[in-house]
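Note that this is a predicted model, so its numbers are computed, not measured.
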There are 2 protein chains.
Amino acid sequence: MLDAGVTLPTEFDDAVNWAAWLYYADEMTQSEIAKTLNVSRATVVNYLQEARSRGIVSIRISTYASGRTKIARALKEKFGLEGALVIPSTGNGDLVRRLGDAGARVLADQVTTGDVIGVAWGRTVLSVADQISLPEPLSNLTVVQVSGSSTGEPDFSPELCTSLLSSRIGARCVNLLAPAILSTKELRAMLLDEPVLKKQFDLIHSTNRILFGVGDVGPKSTVRASGIASQREIDTYVEHGAVAVIIGRFIDAHGRAVGGEHDERMVGIALEELIQTPNRICVAGGAGKIEAITATLEGGYATHFVTDMATGEALLGV
Amino acid sequence: MLDAGVTLPTEFDDAVNWAAWLYYADEMTQSEIAKTLNVSRATVVNYLQEARSRGIVSIRISTYASGRTKIARALKEKFGLEGALVIPSTGNGDLVRRLGDAGARVLADQVTTGDVIGVAWGRTVLSVADQISLPEPLSNLTVVQVSGSSTGEPDFSPELCTSLLSSRIGARCVNLLAPAILSTKELRAMLLDEPVLKKQFDLIHSTNRILFGVGDVGPKSTVRASGIASQREIDTYVEHGAVAVIIGRFIDAHGRAVGGEHDERMVGIALEELIQTPNRICVAGGAGKIEAITATLEGGYATHFVTDMATGEALLGV
DNA sequence: ACCCGCCACTGACACTTGTCAATACATAAA
DNA sequence: TTTATGTATTGACAAGTGTCAGTGGCGGGT
């Protein structure tokens, strides 16, 4: 077999790299690459897929450029955001998956060495965690669970969100070793006095970035499936004006905290603490969440906001 | 005209963005996107090309992953490099262009806010400058010309390399306001005493990153076309063992500086100063430069090295 | 030695994408 | 108003790409 002008790759990994360079940097066609590498074109296709899936090749869509679209600019203006990313609506595709992807890109864009990243929970946050990948490994990253662990729906529990995200980006993972909700506020106070938890809360207070979603309080909402509060307790919050939940805390239409007895039994970051975090990325969208998201943004809980176009327009159309 | 499930883009810029997201993030086909956006598929093709060329979409090939190929690892090992990037050889394509692209990717990967980037000159360096583009703008970048300006071949002069690179990455540009070579070393000393030049040399000494190529001393070499030295002066260097030129300075086969009277009349960063810079990116390749590159790497002048496979193998095969 | 399972690889087909000359549209000048 | 000029867009064709069932080779197990 003749060597067609290139020394043959001696390791499998190498071949994937050569293919990636020849295709994406040199813009050769797959057939040309196949000839150069002495393999079939189908194999080149496989190499390129491998390169993409392993992150050897990463396609980045500038969040900077996207932040300059009309809607994103309007959202930034209206709610005083530092950054907004509005993805196109498709009408069909699974919105949570798509928002997760977008949120992952925003987070991946911003993360740097040494970051301590707080992570809330919910379907959207889990979706972000599931899809994130860094183009190169970063050293000294920490992911911290910012609310207690819930006993309800395990598919998007705080622990899962935290551990999935941390493993995807190669970060140290710190799970909060306490239930999200306790039966009395005295017990909560005693628990928080434990040295282990004190240490964890110190870490929570040192997060420089936090990722969270927005929950509504409707009949099919995540918060009602989460187990952090009974249906009656949630109803009580709603009676007191609550329209949204962020990281387990209820807020009214203007973004003000809605407190109560139940609130004082919860373990997790408080809204006043959240707002101290320099970089607060909120990912949320969907027709049913307009009111909840408006409340969140009006409350100034987010510095960066990721949504889709339909939601963005609804938020502006009020 | 019916709105096909998506609100129509109201600005041109927006359309390009939506297309980019739908194609690269959602992996929709161009036909689907065309339907969604109510334009022809050909227009979508144009949008996507626009998105790529404007850097809204950037395809990144992990230099981290490429550094793990056999040859790159061997080069790092042999010459004690921090990083090596070896691109595949094609036999046909224009090597300078391809190395320039690779070097640009390495530099773009490493540059961060606040950097002061020293830039040498030469065909390869110019090629890097010509092809670099940052995925997002970075603030407070400075590009410094590290050697005096030459009167010879203007196609790859120090000024051009510096100003092109700085404009491509949106950096402040500092050109060295002095000729590369003066007629006496006394004049050189006087000139360097000028406050303007003192200030510029201060900046040169504070560069934290430097980009340079390697010149050979053969009959058709860049240095002989550059005008920084006469053919006779170059011959004299060669007689004293010079096999390579980096940033206007001659070195022997082991990377040691080859001095001389001419050397003392040059304006530009010295080799001892070069080696103080924390991050030194060297881009070079080609069959005729093996000896010169070996000398450069043995001298420890580079921390990061970019080359092609054929050159890499030749460097290892010694 | 044999069989089995695994996985990289292949060939041919159907689909997706890029190209390019021609067209529609806008804006500015006559 | 018409004409000119440049730019965004299109349709149809050529070229490039993804898929998938099937092949071939290699190591582990019996």
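The interatomic distance linking K35(B) (NZ) with dG11(D) (P) rounds to 14 Å, in whole Å. Between the CG atom of L48(A) and the C1' atom of dT19(D) there is a distance of 15 Å, given to the nearest Å. Protein atom CG of L22(A) is 13 Å distant from nucleotide atom P of dT17(D), rounded to whole Å. One can place CE of M28(A) at 18 Å from P of dA15(D), the figure rounded to the nearest angstrom. Rounded to whole angstrom, the span from the CD atom of E27(A) across to the P atom of dT19(C) amounts to 10 Å. Distance, N46(A) CG to dC20(D) C1': 11 Å, rounded to whole Å. One can place CG of N38(A) at 12 Å from P of dC9(C), the figure rounded to the nearest angstrom.
Distances shown here put a side-chain N or O of Y23(B) below 4.0 Å from the OP1 or OP2 atom of dT17(C). In this structure, Y47(A) reaches the dC9(C) phosphate: one of its side-chain N or O atoms is under 4.0 Å from OP1 or OP2. Q49(A) has no side-chain polar atom (N or O) that falls below the 4.0 Å cut-off from OP1 or OP2 of dT17(D). Taking 4.0 angstrom as the limit, Q30(A) places a side-chain polar atom (N or O) nearer than this to OP1 or OP2 of dG18(D).
Between R168(B) and D130(B) a salt bridge is recorded (basic side-chain N to carboxylate O distance below 4.0 Å). Between D14(A) and R68(B), none of the side-chain N atoms (NZ, or NE/NH1/NH2) sits under 4.0 Å from a carboxylate O, so this pair counts as no salt bridge. Classification of R60(B) and E136(A) as a salt-bridged pair holds, one side-chain N sitting under 4.0 Å from a carboxylate O.
Comparing dG18(D), dG11(D), dT10(C) by their nearest atom to the side chain of R41(A) picks out dG18(D). Among dT10(C), dT10(D), dG18(C), the nucleotide with an atom closest to any side-chain atom of V39(A) is dT10(C). Residue V45(A) places its side chain closer to dT19(D) than to any other of dT19(D), dT16(C), dT10(D). Among the nucleotides dG16(D), dT16(C), dG11(C), the one closest to the side chain of S40(A) is dG11(C).
Note that the SG atom of C282(A) and the CZ atom of F212(A) stand 4.5 Å from one another [nearest 0.5 Å].
For CD of E77(A), the number of neighbouring non-hydrogen atoms (other residues, nucleotides, ligands) closer than 6.0 Å is 12 at most.
When heavy atoms are screened at a 4.0 angstrom cut-off, T43(B) is found touching base atoms of the nucleic acid.
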